[in-house]
Amino acid sequence: MLEIKNLVVEFGSGGEAVRAVDGVSLSIGAGETLGLVGESGSGKSVTALSIARLLASPPAHYRGGEILLEGRDALRASRRELRELRGGVVSYIFQDPASSLNPVRRVGGQIKESLRLHRPGAATDAEAARLLKQVGIPAAESRMRSYPHEMSGGMQQRVMIALALASEPKLLVADEPTTALDVTIQAQILELLRDVKERLGMSMLLITHNLGIVGQMADRVAVMYAGQIVEAAPAAEILRRPLHPYTQALVNSAPKLGAGAARLAAIAGSVPDPGAMPPGCRFEPRCGRARPDCAGHVPQLAEVEPGRWVRCPYWNTGN
């Protein structure tokens with residue numbers, strides 16, 4: 001369904017160019033859910049927006065790689081081909097529905113606009129109401145006349161999902177779809193996404209920093225740090241036995257019920273500035289297992305076990 005090969009994305013130009021995504025490769029099969037995890041600033045959203053070339057250029061520049069959607073390279077697509085890919089093949093659910101929905105248009109009109117663009121024959125009030133019902137909005141016919149500000153955060157997110165599904169995409173990109181929601185609504189939205197994906201047979205790229213969500217939703221997981229993939233594996237394996245020091249730190253920092261710890265484990269420091277990356281391993285300044293040569297050696301992503309990829313030469317050392 002999707003194959004990204006050695007994607008490089010920079011912001012700015014010349015000597016001031018900042019590389020936000022550096023050689024990222026990942027793939028998603030038909031009907032598969034891939035979880036993309038990592039701290040804020042790791043490059044997850046830039047990677048996701050690049051799939052349909054949604055980053056404004058300039059300031060963004062695609063410096064290398066391929067993004068194949070059903071075999072078509074989005075990075076080399078014409079404007080007409082991009083219009084077909086956007087919505088027709090890949091749709092997005094963004095982090096903040098309050099800022100993504102048009103505040104001066106009723107939600108029914110926004111859904112019908114998407115229908116007119118991608119399924120002109122279905123651009124009716126009945127189809128818009130059906131989509132709202134499909135995502136669990138009660139009294140859908142009357143809710144079509146609501147403005148976004150008249151709805152709760154959970155309802156707005158459901159409208160965003162209905163908008164994304166209106167074009168019947170084959171790949172759904174959900175970028176932190178539960179960030180601004182309380183725990184109860186989060187669970188409802190995740191259950192809705194799981195149900196819709198199974199009924200429609202879609203593939204999904206789920207972007208999150210919440211490993212609990214990954215465990216519930218993803219088939220495979222790619223862990224991103226400082227613009228690079230540092231580990232990729234089946235979801236169950238990566239949560240049960242993380243191999244990269246960064247993945248281990250992420251898993252250890254998640255709160256565990258009944259653990260009785262006085263304090264949560266934290267990762268020291270922060271994700272490096274894209275304009276001032278460490279010369280060797282990018283996680284080395286924060287890694288508790290770093291060795292002297294890590295500061296000067298650039299590790300490569302290697303398959304260390306069948307289906308498991310790790311960017312660390314010391315992944316199997318105990319200390």
> What residues join Leu211 in its hydrophobic cluster, counting side-chain heavy atom gaps under 4.5 Å, either direct or through other members?
Replying inline: Val37, Val214, Val221, Val223, Tyr225, Val230, Ile238, Leu239, Tyr246, Leu250, Val251, Ile267, Val271, Phe283
>> Can you tell me how far apart CZ (Arg116) and NZ (Lys112) are? Round to the nearest 0.5 Å.
In response: 6.5 Å
> Residues sharing Val104's hydrophobic cluster, by side-chain heavy-atom contacts under 4.5 Å among ILVMFWY, directly or via others?
Replying inline: none
> Taking only residues two or more places apart in sequence, or in another chain, which ones meet Arg240 in a salt bridge (charged side-chain N to carboxylate O under 4.0 Å, His left out)?
Replying inline: Glu237
> Looking at residues at least two apart in the chain, or sitting in another chain, which of them share a side chain to side chain donor-acceptor pair (under 3.5 Å) with Arg106?
Replying inline: none
>> Whether the side chain of Arg158 engages the backbone of Ile137 through a donor-acceptor N/O pair (distance < 3.5 Å, no angle test) should be reported.
In response: no
>> Tell me every residue that passes side chain to side chain donor-acceptor pair (under 3.5 Å) with Asp293, counting only those two or more places apart in sequence or in another chain.
In response: Tyr314
> Excluding sequence neighbours, so at least two apart, what forms side chain to side chain donor-acceptor pair (under 3.5 Å) with Ser253?
Replying inline: none
> Looking at residues at least two apart in the chain, or sitting in another chain, which of them share a side chain to side chain donor-acceptor pair (under 3.5 Å) with Thr247?
Replying inline: Glu231
> Are there more than 12 heavy atoms of other residues, nucleotides or ligands under 6.0 Å from atom NZ of Lys197?
Replying inline: yes
>> According to side chain to side chain contact (heavy atoms under 4.5 Å, CB included), who are the partners of Ser57, at least two apart in sequence or on a separate chain?
In response: His61
>> Counting C-beta onward and ignoring hydrogens, is there a side-chain heavy-atom pair between Arg143 and Met155 closer than 4.5 Å?
In response: yes
> What residues, two or more places apart in sequence or in another chain, satisfy side chain to side chain contact (heavy atoms under 4.5 Å, CB included) together with Arg130?
Replying inline: Glu127, Gln134
> Who passes side chain to side chain contact (heavy atoms under 4.5 Å, CB included) against Asp195, sequence neighbours left out?
Replying inline: Arg199
> Do Glu198 and Arg194 sit within salt-bridge range, that is, some charged N less than 4.0 Å from a carboxylate O?
Replying inline: no
>> Please give the remaining members of the hydrophobic cluster of Val304, linking ILVMFWY side chains under 4.5 Å, ordered by chain and number.
In response: Leu243, Val310, Trp315
> Does the distance from a Lys or Arg side-chain N to an Asp or Glu carboxylate O, for Glu66 and Arg72, drop under 4.0 Å?
Replying inline: no
>> Which Ile, Leu, Val, Met, Phe, Trp or Tyr residues join Tyr147 in one cluster when any pair of side-chain heavy atoms under 4.5 Å counts as a link?
In response: none
>> Within the supplied structure, the quantity of interest is the number of heavy atoms (other residues, nucleotides, ligands) at a distance under 6.0 Å from Glu303 CD; does it exceed 12?
In response: yes
